[in-house]
K.L.:
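This structure is in structure tokens; I'll ask about it shortly.
Proteins get letters first, then strands, A, B, ... in listed order; numbering begins at 1 in each. Side chains included, hydrogens not; waters and symmetry mates left out as well; all remaining heavy atoms used.
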Number of protein chains: 2
Amino acid sequence: MDELIKKINSIYPLKPDSLKLLLDEMHKIGLPKNKVLVEAGQIGRSAYFIKQGIARAYCEGKDNQITFWFGLEGDFVFSYNSYINRQPGYESIELLENSILYEIKDEALQRLFLENIDLANWGRKLAELELIKLEERYISRLFKSASECYAELLKNSPNLIQRIQLGYIASYLGVTQVTLSRIRAEIK
Amino acid sequence: MDELIKKINSIYPLKPDSLKLLLDEMHKIGLPKNKVLVEAGQIGRSAYFIKQGIARAYCEGKDNQITFWFGLEGDFVFSYNSYINRQPGYESIELLENSILYEIKDEALQRLFLENIDLANWGRKLAELELIKLEERYISRLFKSASECYAELLKNSPNLIQRIQLGYIASYLGVTQVTLSRIRAEIK
DNA sequence: TTCATTTTTTAACATTTGTAAAAAAATGGC
DNA sequence: GCCATTTTTTTACAAATGTTAAAAAATGAA
């Protein structure tokens, strides 16, 4: 539970009382590989913190899936779309490994935000930090070729490439698996 | 001021008292075309609401600029990066037309968030909504060809294409201006 | 209007990426 | 270890996009 507390406070330092309110709503669960945490078309009812494992968010295309996010140890997982809009989302999220998570019901989280200003600001900061992470990723893709994006990934998250199959990574980078193979062949 | 109040309440409905606190900190200003609201490398000290005009956010590349966001009437403008991290940002934001804005000092906004839970939740909701807007844009780009992205832009924001020069729009779509010209030629 | 400047389009060729199919390599259950 | 299945790489060709340069069109100031 220690890494969870560290992560929570790194987003926005909470007073001990506020932290306790939040922790009291979070429950540890183990879930198997391939478990779907959030299903497109359904409302996501929980958010998760990844203690151990990998998650993958994707959308269904005409004849393929588009992977647009990976979550690793220390990340929060939630369907932004359905978490924020309270509407069925377009994205699914599944586990790529047997995982250990802390779950919090969306309902509880929303209630805490309305009751406690410390937690409301924590929730604000969480969204803001996710926003700039996504913006950096968005801009990075406008700037860089697929090859450069792969090199960056290799540098910043080498374990990600070892633990996730390349088809998903290709999709994440916005290229086909054939192109990713070519890129990898060139680098060697 | 009416459209400003409408916009604020559409993000998250505020109690009249909270709304007043926020409005008291916002001041109407007129600024000319080409005015740089936020300069890369500096800390953005204000956020803005666009009453009239257009803004464009961009980064400097090696030998070009990458445009990654446009703001129109009814949008909020702020350098996420420097607004959130309180650090010099990588992005610049400039006006593409003579504009009328409402300005709020970052300092005042941060203070309000810490003092008033209603406004803290408003700020949370603002970040969350920006987050899903960006996510939708991000996913859309993974799915669609440049041609489809342009068609979508033409459908959803036709005035954007009339008011903004095509070089910026090409960059926003992630293609060269030559490619955008070809796409436009095909559609006709 | 006229002229200089900026913006947009077009053309020709090079490079990158996609598609489809097959081969090679890795994985997992028995 | 063996075999079926899945994943990754390779190949050949097609399509899309980039690069450079020039032409055409639009814009704005005198």
K.L.:
Show which side-chain atoms of residues 150-157 of chain A pair as donor or acceptor with protein atoms under 3.5 Å away, not counting sequence neighbours.
P.N.:
unit_1: A:Y150; atom_1: OH; unit_2: A:R184; atom_2: NH1; d: 2.9
unit_1: A:E152; atom_1: OE1; unit_2: A:S140; atom_2: OG; d: 3.4
unit_1: A:E152; atom_1: OE2; unit_2: A:K144; atom_2: NZ; d: 2.3

K.L.:
Given atom CD of A:Q165 and atom P of C:dA25, what is their separation to the nearest angstrom?
P.N.:
19 Å
K.L.:
Out of D:dT17, C:dG18, C:dT7, which nucleotide sits closest to the side chain of B:T179?
P.N.:
D:dT17
K.L.:
Side chain to side chain contact (heavy atoms under 4.5 Å, CB included), that's the test. Do A:L101 and A:F49 meet it? Break it down for me.
P.N.:
CA-CA 5 Å; A:L101 311 169; A:F49 171 82; over 6 Å; no
K.L.:
Are A:T176 and C:dT17 close enough that a side-chain N or O sits under 4.0 Å from OP1 or OP2?
P.N.:
no
K.L.:
Who passes ring-ring contact (aromatic ring centres under 6.0 Å, His included) against A:Y102, sequence neighbours left out?
P.N.:
none
K.L.:
Tell me: OH of A:Y150 to P of C:dT16, nearest whole Å?
P.N.:
18 Å
K.L.:
For B:E73, is there an ion pair with B:K51 - N to carboxylate O distance below 4.0 angstrom?
P.N.:
no
K.L.:
Provide, to the nearest angstrom, the distance between the OH atom belonging to B:Y168 and the P atom belonging to C:dT8.
P.N.:
10 Å
K.L.:
May I ask you to evaluate whether A:S181 reaches the phosphate of D:dT10, defined as a side-chain N or O under 4.0 Å from OP1 or OP2?
P.N.:
no
K.L.:
Which nucleotide sits closest to the side chain of A:A185: C:dT9, D:dT10, C:dT10?
P.N.:
D:dT10
K.L.:
Less than 3.5 Å apart, which donor and acceptor atoms pair up between the side chains of residues 22-33 of chain A and the rest of the protein, not counting sequence neighbours?
P.N.:
unit_1: A:D24; atom_1: OD2; unit_2: A:K20; atom_2: NZ; d: 2.9
unit_1: A:E25; atom_1: OE2; unit_2: A:R111; atom_2: NH2; d: 2.9

K.L.:
Separation of B:R163 atom CZ from D:dT27 atom P, in whole Å?
P.N.:
15 Å
K.L.:
Taking only nitrogen or oxygen atoms into account, show me every contact under 3.5 Å that the protein makes with nucleotides 12-16 of chain D, one pair per line with its distance.
P.N.:
none

K.L.:
Rounded to the nearest Å, what distance is computed from the CD atom of residue A:Q177 to the P atom of nucleotide D:dT9?
P.N.:
7 Å
K.L.:
List in chain and number order the residues that pass salt bridge (Lys or Arg N to Asp or Glu O under 4.0 Å) with A:R137, two or more places apart in sequence or in another chain; answer none if no residue qualifies.
P.N.:
none
K.L.:
Starting from P on D:dT17, measure out to CG on A:L142 and report it in whole angstrom.
P.N.:
15 Å
K.L.:
Whole-Å distance between C:dT7 P and B:I161 CD1?
P.N.:
18 Å
K.L.:
A:L173 has an atom CG; how far is it from atom P of D:dT8, in whole Å?
P.N.:
13 Å
K.L.:
Under the side-chain hydrogen bond (donor to acceptor under 3.5 Å, both in side chains) test, which residues partner B:Q177, sequence neighbours left out?
P.N.:
none
